[in-house]
Each structure stands twice: as C-alpha cells, then as structure tokens.
Amino acid sequence: MLAQKVTVQYPDEKIELPDRFHGRFELDADKCIACMLCANACPNKVIQMERAKVGKKQYLTKYVMRIEYCMFCGLCVEACNQDALHFSKVFNMNQYFRQKVRLILVDRPVPQEEEAGEAADVKRPATEGTAGAKREVAAGRSAAKEGES
Amino acid sequence: MKTQTYFLNLGPQHPSTHGVFRVILELDGEVVVKATPVPGYLHRGVEKLAEARTYTQVIPYTDRMDYLANMLMNWGYVEAVEKLLGVEVPERAQYIRVIVGELSRIASHLIAVGSYAADIGGLTGFLYTFRDRERIVDLFEMLTGSRMTVSYFRIGGVADDLPEGFIPLLQKFLADLPGLCDEYDGLITGNEIFQARTKFVGVIPPEKAINYSLSGPNLRASGVNFDLRKNRPYGVYDRLDFEVPLGKNGDCFDRFVCRIKEMRQSGRIIQQALKNLPEGPIQAKVPKVIRPPAGEAYTEIESSKGIFGCYIVSDGSNKPYRVHFRRPSFINLGCLAELCVGWKVADVIAILGSLDIVLGEVDC
Ligand code: SF4
Ligand code: SF4
C-alpha cells in the first residue's frame with residue numbers, strides 16, 4: 001500500500017515510447033526508389049506498390065500497406081537500404097470500418113514527361129505536408145473501397 | 001451407492017485453461033473418472049505457413065508459438081537454420097542471445113508463477129508477478145520495438161545491438177530480482193492454503209516423467225536432472241556457471257517452486273553474460289538470400305517450458321521444404337489425462353496450471 005504506483009492514467013498520462021517502437025509506418029517518398037525490396041521482404045505480402053518509369057528512374061506512384069495483415073515484425077524496414085521506410089510512435093490505428101484500416105502512404109499521379117525534368121515539381125506532392133497527405137489518403141481510401149467491392 | 005457418471009466440459013473458454021483449451025471430464029460426483037484433453041483451437045498451421053516463406057520470413061511466426069517466451073522460440077528456429085547453413089555466430093551475438101533468452105525465461109516463469117497463484121485462488125500473486133514482468137517487457141520494447149512479438153533473432157546473429165540505457169535498466173532489474181523472488185516465496189509459496197492445495201497433488205514419479213517425455217521444470221520437479229543448457233550446452237552456456245534446481249516429490253508444489261528457483265538462476269546467468277559481454281559484430285556474414293544446401297537439421301534448446309526442437313528439411317531453395325517444431329507444452333500435456341484421474345475438479349485446475357502450458361505452442 002505504501003509502494004509507489006506502477007500504473008499511469010492512460011489518456012491523460014502516457015508512457016514515453018522507446019525510439020525503436022514499432023508503430024504506424026512512415027514513408028519518405030522522396031527517398032524511395034520503388035525498388036520493391038520492402039515488399040519482397042514481407043512475410044505476409046502486406047506492401048503493395050505501383051510504379052512508373054519516369055526518364056531512367058522508377059517513380060513510385062502508389063504505396064499501400066494492407067496493415068490488417070501486418071505483424072509489425074520490421075523486416076520491411078530492415079530491408080530498405082534507402083532509409084525511406086520507418087516506424088513512427090503512433091500506435092492508435094483503430095478504425096471503425098474495415099476499409100479504412102488500409103494504410104495508404106503514397107498515392108500520386110505520374111508526373112508528365114515535360115515536368116519530369118523539374119525536380120521541384122516531382123517532389124511537390126510529398127513535401128506539401130500533412131494537409132496534402134490527408135487529402136491523398138482520403139482519395140486513396142475511396143479508390144481502395146471501389147477496388148474491393 | 002452407485003451413481004451415474006456425467007460429463008463436464010472444462011473450456012475451451014475458461015480462464016484456468018490458460019488459453020483456448022478444452023478438457024472433457026467424466027465425473028463421478030466431484031471425482032474425475034476420465035479426462036480427455038482436446039487441443040487444437042489455436043492451430044494456425046505455422047509449420048505449413050513456413051513452407052511458403054523464406055527462411056528469414058519464418059522468424060516472426062515463431063514468436064507466436066510460445067508468445068510468453070518469444071525470444072527462446074526465435075532462438076530454437078534460427079539455431080536449426082544456422083546448423084543447416086554451417087554459420088558461426090559471433091561472440092557478442094551469442095552473449096546477447098543468452099541475455100534476452102534468459103530474460104524471456106524469467107518473463108515466462110513470472111507468468112507461470114503468477115497465473116498459478118491465481119488458479120489456486122490468490123489473485124494478489126498474479127498482480128505482483130505481472131508488475132515485475134512489465135519491466136522485462138519494457139526492456140524488450142526498448143531493444144526490439146515490440147513488447148511480445150519481438151522477432152529479434154536473425155539467422156547468424158541478432159537484429160540490433162543493445163540500445164543505450166538498456167544495460168543500466170537491466171542491471172537494476174537483476175539487482176531487484178532476488179528480492180522479488182523472496183516476495184513471491186513469502187506471498188505465495190509460504191501460504192498455508194496454497195501448500196495444502198498443491199503438495200502431493202498430481203504427483204509424477206521420475207520414471208513416469210521420463211516415459212511421458214516430459215522436459216523442462218516439469219521433468220526436473222520430479223528429481224530428474226536434465227537441462228539441455230548443462231547436459232548438451234549450446235551457444236555459450238558451457239562458459240556460464242549456474243545450478244539446475246530440482247524437485248523431490250514431482251507434485252504441483254515442486255513444479256511451482258522449481259520455476260521460482262530457475263528465475264534466480266537465470267538472473268545469475270544474465271549477470272555473468274553481462275560481465276563477459278564482448279565487443280564485436282552482432283551478425284555473422286550470411287548471404288542476402290539464404291539458400292541452405294539440400295539436407296536436414298535438427299536442433300534443440302531448453303525453452304522455459306522444456307525442450308524446444310526444430311527440424312528443417314531443405315531442398316536447396318530459398319524456402320524450407322518442411323519445418324517441424326517439437327513444442328514442449330504439447331508434449332508435457334500428454335500426461336494430463338492420467339494425472340487427473342482420481343482428483344477433484346478443483347485439483348484438475350491445480351494440475352493443469354502446474355504443467356504451465358501455453359496454447360500458442362500446444363497448437364502451433
Ligand atoms: S512489419 Fe513485417 S508484416 Fe508488416 S509490412 Fe513489414 S515485413 Fe510485412
Ligand atoms: S525498400 Fe525502401 S526504397 Fe525500396 S521500395 Fe521499399 S521503401 Fe522504397
């Protein structure tokens with residue numbers, strides 16, 4: 001009774017998570033070269049990606065994680081040698097609808113031929129920040145829904 | 001007076017079966033006439049899944065067998081692949097394996113001890129052991145990023161080096177461990193009701209233990225001195241000094257006490273491993289795509305529940321042709337039917353709890 005408390009009042013108080021914590025994934029789309037190493041390392045085929053050839057390079061157009069099948073083992077993050085895929089500390093991934101579980105990290109159009117030379121233009125969708133990303137996710141979700149039905 | 005026997009289903013959803021496990025009890029009044037264990041509710045087909053995965057990709061699945069001693073499950077599997085490949089694991093990785101493996105053993109025994117106390121009716125003991133297990137789980141989270149499904153071992157080494165701040169926290173835990181064990185001894189082992197419920201209940205004589213192929217604390221509680229870490233040392237266990245705690249009577253009480261004693265020994269092992277922890281690489285040089293030569297390998301390690309074996313057949317491709325796991329919980333369960341006969345329903349709970357099964361491993 002005199003001992004210190006060992007519990008915390010969760011939503012108000014949070015335990016600090018370690019740096020290696022396996023939370024929701026983050027993808028740095030600028031670093032990703034769409035090499036598929038992560039997708040091939042995954043035991044459960046969680047990662048699905050689409051890519052297009054722009055100039056000489058592969059360009060990532062879509063990166064979807066079927067997170068409902070993910071074991072959070074980290075083999076994908078370990079496989080990426082471009083340091084593009086990371087774990088974040090977000091663990092609250094609950095959704096009310098199954099369709100929303102799917103994690104869409106990148107969903108963007110192929111840049112037009114003439115624009116491809118302008119690096120700034122290619123990078124725009126990824127660097128726009130969270131507001132842009134949210135819109136993309138929303139767009140991607142409806143696309144995923146259509147795909148499933 | 002002759003009465004009719006009747007059937008009672010214990011489980012599959014019953015907190016005292018430690019998972020989804022069913023025992024069909026044929027009872028005469030309150031006395032068991034026949035007990036038929038029905039495992040299989042948690043079968044996921046890990047062995048079959050492994051055939052469609054590359055050698056590295058199987059590792060996360062092994063976590064999910066004995067999820068209470070996840071590191072040891074990883075270890076049993078990678079050991080077999082390493083034997084098949086013929087790779088030599090670097091010193092530092094060997095010592096790290098011992099450290100995390102023994103931590104896993106302590107975590108597993110903490111659950112065994114705590115849940116056994118709860119089975120017998122003392123829920124307080126359960127809370128104490130879970131409080132302390134949390135510290136190990138936190139250490140694992142710091143080391144691997146996951147609390148239970150660690151996937152920390154790699155073929156030829158381990159995934160990551162020890163992070164900063166890991167060793168001081170671990171040392172603090174190890175310093176506290178003997179005190180914690182004393183606390184459990186005082187709270188649970190010394191309790192008169194607990195002793196009355198467990199002493200001379202479910203006795204397994206040594207010959208029967210051997211005939212049933214029991215292993216781990218269940219075997220040693222019957223007084224048979226057999227621990228793979230001593231009898232057939234793997235890794236660096238031959239360089240570590242520890243004792244193998246033995247029981248005398250082979251009853252529920254001895255099986256329980258054996259686990260607390262083993263925790264103390266594991267603490268000693270980790271302390272030595274920490275002291276001797278060398279610098280160096282944590283991963284042997286293995287090819288990116290692992291293609292062991294065609295052939296087969298079988299290795300065994302001493303897991304927290306007993307001897308965990310892994311048998312792999314390779315056909316020379318990058319996926320195992322066949323994997324089989326010898327899961328100690330499943331084999332230890334073999335004697336349950338015979339042990340229960342003649343005891344009352346409440347004792348069945350005591351006997352089942354003392355065998356310390358984990359259903360992820362029983363059903364695999
Ligand atoms: S964490 Fe594991 S299961 Fe999840 S996507 Fe990565 S490799 Fe696949
Ligand atoms: S391994 Fe890395 S760089 Fe390659 S596709 Fe995956 S995230 Fe992109």
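Just so we're on the same page: letters track the sequence lines, and every chain starts at 1. Side-chain atoms are counted along with the backbone in the values below, which use heavy atoms only and exclude waters and symmetry mates.
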Exercise. Relative to chain B, which segment of A:P18 carries a heavy atom at a distance below 4.5 Å: side chain, backbone, both, or neither?
Worked result: side chain

Exercise. Just wondering, are more than 12 heavy atoms of other shown residues or ligands nearer than 6.0 Å to CD in A:Q9?
Worked result: no

Problem set entry | Under 4.5 Å from a heavy atom of chain A, the part of B:L49 involved | neither

Seminar exercise, completed: Applying a strict 4.5 Å limit to non-hydrogen atoms, the region of B:R154 in contact with chain A is side chain

Seminar exercise, completed: Counting heavy-atom pairs under 4.5 Å with chain A, the top scorer among B:A159, B:P60, B:S151, B:G165 is B:P60

Problem set entry | Validation row: B:I59, A:C73 side chains within 4.5 angstrom (heavy atoms) | no

For this session: Look at atom CZ of A:R24 and say whether more than 12 heavy atoms of other residues, nucleotides or ligands are closer to it than 6.0 Å.
Result: no

Problem set entry | Options B:D160, B:V150, B:D63, ranked by heavy-atom pairs under 4.5 Å with chain A, top entry | B:D160

For this session: Run the salt-bridge test on B:E141 and A:R20 with the 4.0 Å N-O cut-off and return the result as yes or no.
Result: no

For this session: Could you tell me which portion of A:L17 (side chain, backbone, both or neither) has an atom closer than 4.5 angstrom to a non-hydrogen atom of chain B?
Result: side chain

Exercise. Heavy-atom distance under 4.5 Å to chain B: side chain of A:F72, backbone, both or neither?
Worked result: backbone

For this session: Measure B:T56 against the heavy atoms of chain A and call it side chain, backbone, both or neither at under 4.5 Å.
Result: both

Exercise. Would you say A:F97 has more than 12 foreign heavy atoms packed within less than 6.0 Å of its CZ?
Worked result: no

Problem set entry | From CG (B:D138) to CD1 (A:I15), nearest 0.5 Å | 6.5 Å

Exercise. For A:K31, does the NZ atom have more than 12 heavy-atom neighbours from other residues, nucleotides or ligands under 6.0 Å away?
Worked result: yes

Exercise. Between B:R53 and A:P43, what is the shortest heavy-atom contact and its length?
Worked result: NE-O, 2.8 Å

Problem set entry | Heavy-atom pair with the smallest gap, counting every atom of B:S146 and A:H22 | OG-ND1, 3.0 Å

For this session: Side-chain contact test, heavy atoms from C-beta onward, threshold under 4.5 Å: evaluate it for B:Y61 versus A:N44 and give yes or no.
Result: yes

Exercise. Which atoms form the tightest heavy-atom contact between A:N40 and B:Q57, and what is the distance?
Worked result: O-NE2, 3.0 Å

